[in-house]
Amino acid sequence: MRHGKYPLLAAFLLPPLALYGYFVVSPYAQSFLIAMTNWQGLSPAYEFVGFDNFKRLLGDEYVWNALLNNLWLLVLLPLLTIALGLFLATMLNVGGRGGRSTVTGVRGSALYKVIYFAPQMLSVSIVGVLWAEVYNPRSGLVNSALRAVGLDGLAKVWLGDPAYAFWAVLAVMVWANVGFYVVLFGAAMQSVPRDIYEAAALDGSSRLNTLVRITIPLLWDTIQVAWVYLAILALDGFALIHVMTRGGPNFSTDVVGLRLYTEAFGDYKWGYASAIGVVMFFVTLSVTVLSLRLTRRERIELS
C-alpha cells in the first residue's frame, strides 16, 4: 500500500481481466471474423466473403424452422417451469397448516424437496439417455404404464412421431429444471415473515389467492431472474435434444444450437456456423434485455 491503492488494484485486477479477455472475449471476437469467411475448419486456407453467410441465413428454411422451435421453447419453458416451481414451492413451504394457525409446509416436505431436486444431480446426457428409454415405444415406462391400465390406444412412438416429439422433449426440460426453481423459490419464501401468511390464513384467503396476491409480488425479483435464466436455456436446448432426438424426426425438435453444430461438425462449414452463432448471440442478448425490461416493476419492501 505504500505505493498507493491504484497500483495495488491494478496488480490484483489486471491479471484476471487479461485471462478473461484472452479466453472469453477473444473467442467471441474471433467468431465474428470467422463468420465473414468460408473457412471449413480443417485447413488454414479461407476467403473473406463479407456478409454472404448472413444473407444465406435469411433464406435457410432449416434455420428458420429451428428458430421457430426455439421461440416455442422461449414461451413455454419459462412459463411452465416457473408456474410449476411456484406451486410446488408454495406447497412445500407454506401449503400446510400447523397448530395455532402456524403456517408450515405439507407433511413430508423435506423428502419431497430431495425428490424434486434429484434431477439436478444428473448430467444432461444422463437425463437424455434416461428419458429416451422412458419414451421407448416397446419397453418404455410411459407406454408400459398406459398398457397396464388398459389404455393401449394412447401408447405412441413419442420420440419418433413429429406430432409428439417436441412436446415430449419439452416435458423432459421442465422435469429436469423445475427442481432447482422449487429450491430457489423456497429459499426466497423463507425470507417472507410467517406473520403475513398467518394473517392471510386467518382472513380465509385461499392458497391460490395467497400465491397470486402475496407470494408472487414478494418473490418478483427472484421470478425475474428465473425467467431470464430459463429464457437463455430455451434459446439453447442443444445438449438434451442432441442426446434424445438429434433434431428429428423430420426436424420437428431441431433448435438453432443443433443447427450450428451440424453445420460446423457435420458439413464442415465453420464460417456459416459462426454466422449462426453470431446471430444467436444478438438474439440471446436482446431477449435477456427485453425480459428484464418487461418484468421490471417496483420492488416491495418488507418492514
Among I216, L218, T222, which one satisfies side chain to side chain contact (heavy atoms under 4.5 Å, CB included) with W220?
-> I216
How far apart are the closest heavy atoms of G41 and W270, and which atoms are they?
-> CA-CD1, 3.4 Å
Taking atom types as modelled and ignoring hydrogens, do the side chains of Y272 and D267 form a donor-acceptor contact shorter than 3.5 angstrom?
-> no
How about F166 and Y164: are their ring centroids closer than 6.0 Å?
-> no
Do other residues, nucleotides or ligands put more than 12 heavy atoms under 6.0 Å from R147 CZ?
-> yes
Any donor and acceptor pair, going by atom type alone, linking the side chain of N53 with main-chain N or O of A35 inside 3.5 Å?
-> yes
Common cluster, L76/F87, ILVMFWY with side-chain heavy-atom separation under 4.5 Å | yes
For V212 and P217 the tightest heavy-atom approach is O-CD, 3.3 Å
Looking only at heavy atoms, the pair that brings T210 and A200 closest together is OG1-CB, 4.1 Å
Might you point out which heavy atoms bring V172 and V127 nearest each other, and give the distance in Å?
-> CG1-CG1, 3.8 Å
F32 atom CZ, neighbour heavy-atom count above 12 within 6.0 Å = yes
CH2 on W64 to CG on L58, rounded to 0.5 Å = 6.5 Å
Separation between CD1 of I276 and OH of Y62, rounded to the nearest 0.5 Å = 13.0 Å
Name of the residue among L74, V225, V228 meeting side chain to side chain contact (heavy atoms under 4.5 Å, CB included) with S291 = V228
Are V149 and L154 grouped together when hydrophobic residues (ILVMFWY) are joined by side-chain heavy atoms under 4.5 angstrom apart?
-> yes
For S252, does its backbone N or O pair with a side-chain atom of N65 as donor and acceptor, under 3.5 Å?
-> no
May I ask whether L73 and V243 are part of the same hydrophobic cluster, defined by side-chain heavy atoms of I, L, V, M, F, W, Y residues being less than 4.5 angstrom apart, directly or through others?
-> no
Going by the angle between their ring planes, with limits at 30° and 60°, are W131 and W175 parallel, tilted or perpendicular?
-> perpendicular
Do M244 and L159 come within less than 4.5 Å of each other through their side chains, counting heavy atoms only?
-> yes
CZ/R259 to CG/N69 distance, rounded to the nearest 0.5 angstrom?
-> 11.0 Å
Ring geometry between W167 and W72 (parallel below 30°, tilted from 30 to 60°, perpendicular above 60°) | perpendicular
Among L208, L211, V182, V106, find the one that has a side chain to side chain contact (heavy atoms under 4.5 Å, CB included) with T90.
-> L211
Report the relative orientation of the aromatic rings in Y261 and F238; use parallel for angles under 30°, tilted for 30 to 60°, perpendicular for over 60°.
-> tilted
Co-membership, hydrophobic cluster, residues L240 and Y229, 4.5 Å side-chain = yes
What distance separates T253 OG1 from L170 CG, expressed to the nearest 0.5 Å?
-> 12.0 Å
Under a 4.5 Å cut-off applied to non-hydrogen side-chain atoms, are I82 and F185 in contact?
-> yes
Please examine the side chains of N143 and N136, heavy atoms only from C-beta on, and report whether any two atoms are closer than 4.5 Å.
-> no
To the nearest 0.5 Å, how far apart are CD1 in I214 and CG in L219?
-> 11.5 Å
In terms of side-chain geometry, is the basic nitrogen of K156 or D161 positioned less than 4.0 Å from the acidic oxygen of its partner?
-> no
Roughly how far apart are T245 OG1 and N250 CG, rounded to 0.5 Å?
-> 12.0 Å
S274 and S31: side chain donor to acceptor below 3.5 Å = no
At their closest point, which heavy atom of M173 faces which heavy atom of G237, and how far apart are they?
-> CE-CA, 3.8 Å
Near E47 CD, under 6.0 Å, is it more than 12 heavy atoms from other residues, nucleotides or ligands?
-> no
Exam field: side chain S26 to backbone F23, donor-acceptor pair closer than 3.5 Å = no
Which heavy atom of L258 sits nearest a heavy atom of H242, and at what distance?
-> CD1-ND1, 3.6 Å
Could you walk me through whether Y116 and F180 pass side chain to side chain contact (heavy atoms under 4.5 Å, CB included), step by step?
-> CA-CA 8 Å; Y116 293 148; F180 173 79; over 6 Å; no
Fit a plane to each ring of Y135 and W158, take the angle between them on a 0 to 90° scale, and name the class: parallel (under 30°), tilted (30 to 60°) or perpendicular (over 60°).
-> tilted
Does OH belonging to Y112 count more than 12 external heavy atoms closer than 6.0 Å?
-> no
More than 12 non-hydrogen atoms from neighbouring residues, nucleotides or ligands closer than 6.0 Å to CZ on F281, yes or no?
-> yes
